[in-house]
> 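Sharing a structure, written as structure tokens. Questions coming.
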Amino acid sequence: MEPVKINGSQGEGGGQILRTAISLSAIIGVPVEVTDIRAKRQNPGLRPSHLAAVKVVTDLFGAKVENLQVGADWIRFSPSSYRANGDLQKVDIGTAGSIPLTLMAIIPAVSLSGNKLEIEITGGTDVKASPTIDYMRYVVSEAYKMIGIKFSIDVLKRGYYPKGGGMVRATIEPCTKPAPVEFLNSRAFAPRITSVCSQLPKHVAERQISSALLLLEKNGLKCTSYSLSLESALSPGTSTLVYSVSDFGGPFLGGDSIGEIGKRAEQVGHEAAARYLESALAGAAVDPFLADMLVLPMCLTKGRSKYRTSRVTQHLQTNLQVVSQMLSGCKYWITTLPSAKTGECVVTMDGYNSNSA
């Protein structure tokens, strides 16, 4: 079978194109060739974290993969059958490579191919250019559950830049019939806050929470549920998540932020709250980061899905393009709301299986 060819430099041109293409290829059993990988980036080609995600899916599905090496500007991936035998799988990404982004390649591939997996991944739990692990387990998991994809995440150790060394154990359940969903509920739900720090004084996490609370209250939102935890890690680090979820059509909203050298704790808390408020104040049911993560599972449903988000990101547009290139029966529309002030819109998708018998 000739592989579907995907241009890795289209749209936002990042590693997400590769993760989506490989995951979808594994699910539908169709080879894919991704070219010009991250061509627009300052350090183009495959990076170690991308390589790790592809290698995990390759091993799980007994795939044949060509040109899988750091710096590669193309790869060809040909899946076979699922090979995991039920034993705990262990993967080390190396240093502080993103565990959440690796999971975003693995979870849909395993679950939507009707398989189960228990996996332990070592790497970075809370790192730059990636959702935090808490965003994955408190926001993404709840939204995916509505589609039928169930997974759980246990954080055994935090991993921050530069040493990484974080450890996460995830259990992924099979989903043979992903359900179309409508996430349109714009009702306000009281936000929650969780703040974590490692090898840092307790007051760092406390200041992050206080800063987030202050910004929420300034915008008329009261938060009465917040938690602080001191956790082990090889490198000092911290993160904060502000979120709200509901299983009544949404919302599924999250805003996270990580600490860095020279970045005050108050700024971390403020950033997390500001990212949450962008969606909450717009009446969105899905935040702009979750919006692109919903594309892959929704494209495989039998029916029409809709969700309301606060803005269309390049990641969302690109993910929609990639799945429609790989699945000719998948169609989508983006409708800007008449009352939109800052780009609020509804994304509608007819799944690949919508017209099947």
> For atom CD of Q69, decide whether the heavy atoms of other residues, nucleotides or ligands shown that lie under 6.0 angstrom number more than 12.
yes
> Quick check: closest heavy atoms across I17 and G8, and the distance to 0.1 Å?
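In terms of heavy atoms, the two residues are closest at CD1-O, 3.4 Å.
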> List the atom of L234, the atom of K163, and the distance in Å for their closest heavy-atom pair.
O-CD, 3.8 Å
> I'd like to know if the side chain of T35 reaches the main chain of W74, judged simply by a donor and an acceptor atom lying under 3.5 Å from each other, with no hydrogens or angles considered.
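A pair under 3.5 Å: no.
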> Under the side chain to side chain contact (heavy atoms under 4.5 Å, CB included) rule, what do E260 and K128 come out as? Steps first, then yes or no, please.
CA-CA 9 Å; E260 299 175 67; K128 290 179 71 172; 3.6 Å; yes
> When you measure from the side chain of S25 to the backbone N and O of V30, does any donor-acceptor pair fall under 3.5 Å?
yes
> With a sphere of 6.0 Å drawn around CZ of R76, does it hold more than 12 non-hydrogen atoms of other residues, nucleotides or ligands?
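Enclosed: over 12 neighbouring heavy atoms sit under 6.0 Å from CZ of R76.
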> Applying the 4.5 Å side-chain criterion to the ILVMFWY set and letting contacts propagate, would V54 and F61 be lumped into a single cluster?
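Per the 4.5 Å side-chain linkage, V54 and F61 are co-clustered.
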> Would you check if there is a donor-acceptor pair between the side chains of D134 and T194 at a distance under 3.5 Å?
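Side chains of T194 and D134: no pair found under 3.5 Å.
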> Among side-chain atoms of Y138 and D256, is any donor-acceptor pair under 3.5 angstrom?
no
> Is a donor on one side and an acceptor on the other found under 3.5 Å between the side chain of R308 and the backbone of G283?
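Between the backbone of G283 and the side chain of R308 there is a qualifying donor-acceptor contact (under 3.5 Å).
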> Can you name the nearest heavy-atom pair linking M349 to M298, along with the distance?
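In this case the closest contact between M349 and M298 is SD-C, 3.6 Å.
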> Is the shortest heavy-atom distance from the side chain of F183 to the side chain of T309 under 4.5 Å?
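Answer no - side chains too far apart.
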> Identify the two heavy atoms, one from R38 and one from G14, that lie closest to each other, and give their separation to 0.1 Å.
CG-C, 4.0 Å
> What closest approach, in Å, do G254 and D287 show between heavy atoms, and which atom pair accounts for it?
N-OD2, 3.0 Å
> Would S113 and Y82 satisfy side chain to side chain donor-acceptor pair (under 3.5 Å), going step by step from the backbone distance to the final call?
CA-CA 8 Å; S113 60; Y82 191 71; over 6 Å; no
> Answer yes if Y160 and L103 sit in the same cluster of Ile, Leu, Val, Met, Phe, Trp and Tyr residues linked by side chain heavy atoms under 4.5 Å apart, and no otherwise.
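No, no single cluster joins them.
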> Are E278 and R275 close enough, and set up right, to give a salt bridge (Lys or Arg N to Asp or Glu O under 4.0 Å), and what steps lead you there?
CA-CA 5 Å; E278 175 193 359; R275 288 168 181 166; over 6 Å; no
> Spell out, as yes or no, whether a donor-acceptor pair under 3.5 Å connects the side chain of S23 to the backbone of A105.
yes
> Spell out, as yes or no, whether a donor-acceptor pair under 3.5 Å connects the side chain of T240 to the backbone of V268.
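No.
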> I would like to know whether M104 and M136 meet side chain to side chain contact (heavy atoms under 4.5 Å, CB included); could you show each step before the answer?
CA-CA 9 Å; M104 284 311 302; M136 289 290 297; 3.4 Å; yes
> Does NZ in K40 sit with more than 12 non-hydrogen atoms of other residues, nucleotides or ligands closer than 6.0 Å?
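More than 12 heavy atoms, drawn from other residues, nucleotides or ligands, come within 6.0 Å of this atom.
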> Going only through I, L, V, M, F, W and Y residues with side-chain contacts under 4.5 Å, is there a path from V4 to V65?
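Cluster IDs for V4 and V65 match.
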> Give a yes or no answer on whether the side chain of Q89 reaches the backbone of D87 with a donor-acceptor pair at less than 3.5 Å.
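Indeed, once roles are kept as given, a pair shorter than 3.5 Å links the two residues.
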> Just wondering, more than 12 heavy atoms not from Y226 lying within 6.0 Å of its OH?
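Not more than 12 within 6.0 Å, no.
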> Distance alone, cut at 3.5 Å: any donor-acceptor contact between the side chains of Q208 and T238?
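Short answer, yes.
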> Give a yes or no on whether the backbone of Q321 and the side-chain of S324 come within a donor-acceptor separation of less than 3.5 Å.
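Side chain of S324 to backbone of Q321: a pair is present.
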> Looking only at atom types and distance, does a side-chain atom of T102 sit under 3.5 Å from a main-chain N or O of A53, one as donor and one as acceptor?
no
> Using atom types as modelled and distance alone, determine if a side-chain donor or acceptor of S211 lies under 3.5 Å from a backbone N or O of R207.
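Looks like no, no N/O pair under 3.5 Å.
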> Quick one: does Y332's side chain have a donor or acceptor within less than 3.5 Å of a partner on C299's backbone?
no
> Do other residues, nucleotides or ligands put more than 12 heavy atoms under 6.0 Å from the NZ atom of K263?
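Count over threshold, so yes.
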> For L46 and L68, work out which heavy atoms get closest and say how close.
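Looking at all heavy atoms of both residues, the shortest contact is CD1-CD1, 3.8 Å.
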